[in-house]
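In each ligand, atom 1 is the first atom listed, and ligand 1 is the first ligand listed. Everything numeric here is computed off the predicted structure, so don't read it as measured data.
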Amino acid sequence: MKVLVLNAGSSSLKYRLIDVTDIENMKLMAKGICDRVGSEASQHVCSIDENELRISIPMENHDEAMQVVLDTLSSGPLKVLDSLDEIDAVGHRVVQGGKYFSHSVIIDDDVIKKIAELSELAPLHNKAALSGIHACQKHMPGVPMVAAFDTAFFQTLLPKAYMYPLPYDLCKKYNIRKYGAHGISHRYIAERAAEFLGKPLQDLKMITCHLGNGCSVTAIDHGQAVDTSMGMTPLDGLMMGTRCGSIDPAIVTFLEEHEHLSPEEMDDLMNKKSGILGVTGISNDLRSIGDAADQGDARSQLAYEMYAYSVKRYIGQYIAVLGGVDVIVLAAGVGENSKRMRRLIFEGLETIGIIIDEKRNNATQGEREISSDDSNVRVLIIPTDEEFMIARDTYELVEEREEQKAHAHEEEVSSVHNK
Ligand code: AMP
């Protein structure tokens, strides 16, 4: 089954075409991104194996971006399909699934209506996903589509974890609660970690850390998410590349008042001008900050320490929430690549049985363990792969539906025979 995985952002459309033989056998056929969609500088980058195509091309909206993607896959120098009919299914990443979706679903009119209704909670992202869904309906009518939600994994949280201590009626009126984010990534790394250890997920207390430009930590008790650091929106929790994460809420009104900021300006400040970028004033990229810290930049050193401290604090919280932990998993750009950050995060945790092996921490590739043999807690690095997870869900749901259809058809035929 050839599955096209789409991840539509506010001004981008990322995609992967994956050939799925079964869930153990997936082959990447092509991947790419349409960037700065809606601006004059829009461009498309597509790569197949070692070959890359990079072109500046006008794309006013996601519909036009979709056309560019499909044209590239089915014609021109990087063509991988003789016809678009070869695409069997499409998997869409949708950021906000609200209270409606606790797992991935086949997209129908009702699902589309609910994704639209939830746009209020993730305006840029859900609207972008809808554009992608509508573009597929137009360019590939009849091809089954699946929605994989970033929030779905956290629908197992109990009210004590997802409710906010604000007036109850207001929370109910506006659906204010913790929804979490990065759920596709947390689910993927948790499952892979269990497989790496050769133990059932249901036997483990796990803390998964997605540490990239966006950051979140999740507590997983015997396979079920029980708490997560992102909240009603992906602004909450850890310090991130440009997002502040949790701060004293009183700072919001204080700054609005003293700096004469509108709610939109304050939102922009917290989402785009804070985090590593805000503290350093240099960059949101941890690599640049590491270099600047080495050259003696005090604010870069501070940002490094704050980032690590923020992760350490959540790990501590979630050990208490879980009543202990068997395995801690790190993923995404920083978690997978920065040995320096990993060292800082786990520094001083030897007394509670978390011991990092320096040599293992310095290794660079693939799924691996970085804890020492005498550590009570296993610490793993699992490169995340959200597109793989979406392709797998898409494959499973579409296969299941085809089987149900075939079964229903067989029953119909046999009932005609028996008449
Ligand atoms: P992501 O959002 O998962 O793409 O992660 C982006 C973050 O990972 C940025 O802050 C990068 O600086 C960081 N990152 C990527 N590679 C490395 C590396 N080799 N060392 C340190 N940080 C890295």
Fill in the blank from the handout: closest protein heavy atom to atom 6 (C) of ligand 1 is Asn213 N, 3.7 Å

Problem - Heavy-atom nearest neighbour in the protein, as seen from atom 11 (C) of ligand 1, with distance rounded to 0.1 Å - result: Asp285 OD1, 3.6 Å

Handout entry: Lys312, NZ: over 12 other non-hydrogen atoms inside 6.0 angstrom
Key = yes

Exercise for the section: Considering only protein heavy atoms, determine whether one is less than 4.0 Å from atom 4 (O) of ligand 1. Expected result: no

Completion exercise
Numbered in order shown, the ligand 1 atoms found under 4.0 Å of a heavy atom of Ser338 are 21 (C)

Practice task
Look at the rings of Tyr188 and Phe388 and say which category their plane angle falls in: under 30° parallel, 30 to 60° tilted, over 60° perpendicular.
Solution key: perpendicular

Handout entry: salt_bridge(Asp268, Lys273) N-O dist < 4.0 Å
Key = yes

Handout entry: Salt bridge flag under 4.0 Å for residues Glu117 and Lys114
Key = no

Practice task
Evaluate the criterion side-chain hydrogen bond (donor to acceptor under 3.5 Å, both in side chains) for residue pair Arg243 and Asn271; output intermediate values, then yes/no.
Solution key: CA-CA 4 Å; Arg243 281 170 263 174; Asn271 272 294; 4.7 Å; no

Practice task
Salt-bridge test for Asp150 and Arg187: reply yes if a basic N is under 4.0 Å from a carboxylate O, no otherwise.
Solution key: no

Practice task
Among all protein heavy atoms, pick out the one at the shortest distance from atom 10 (O) of ligand 1; state its residue, atom name and that distance to 0.1 Å.
Solution key: Leu286 N, 3.1 Å

Practice task
For the pair Arg287 and Asp285, find out whether any cationic side-chain nitrogen is under 4.0 Å from an anionic carboxylate oxygen.
Solution key: yes

Fill in the blank from the handout: Here the atoms of ligand 1 under 4.0 Å from any heavy atom belonging to Val334 are 7 (C), 8 (O), 13 (C)

Handout entry: atom 20 (N) of ligand 1: nearest protein contact (heavy atom, Å)
Key = Arg287 CG, 3.7 Å

Problem - Closest protein heavy atom (residue, atom, distance) for atom 16 (N) of ligand 1 - result: Asn337 ND2, 3.3 Å

Exercise for the section: Among all protein heavy atoms, pick the one closest to atom 14 (N) of ligand 1 and tell me residue, atom and distance. Expected result: Gly333 O, 3.6 Å

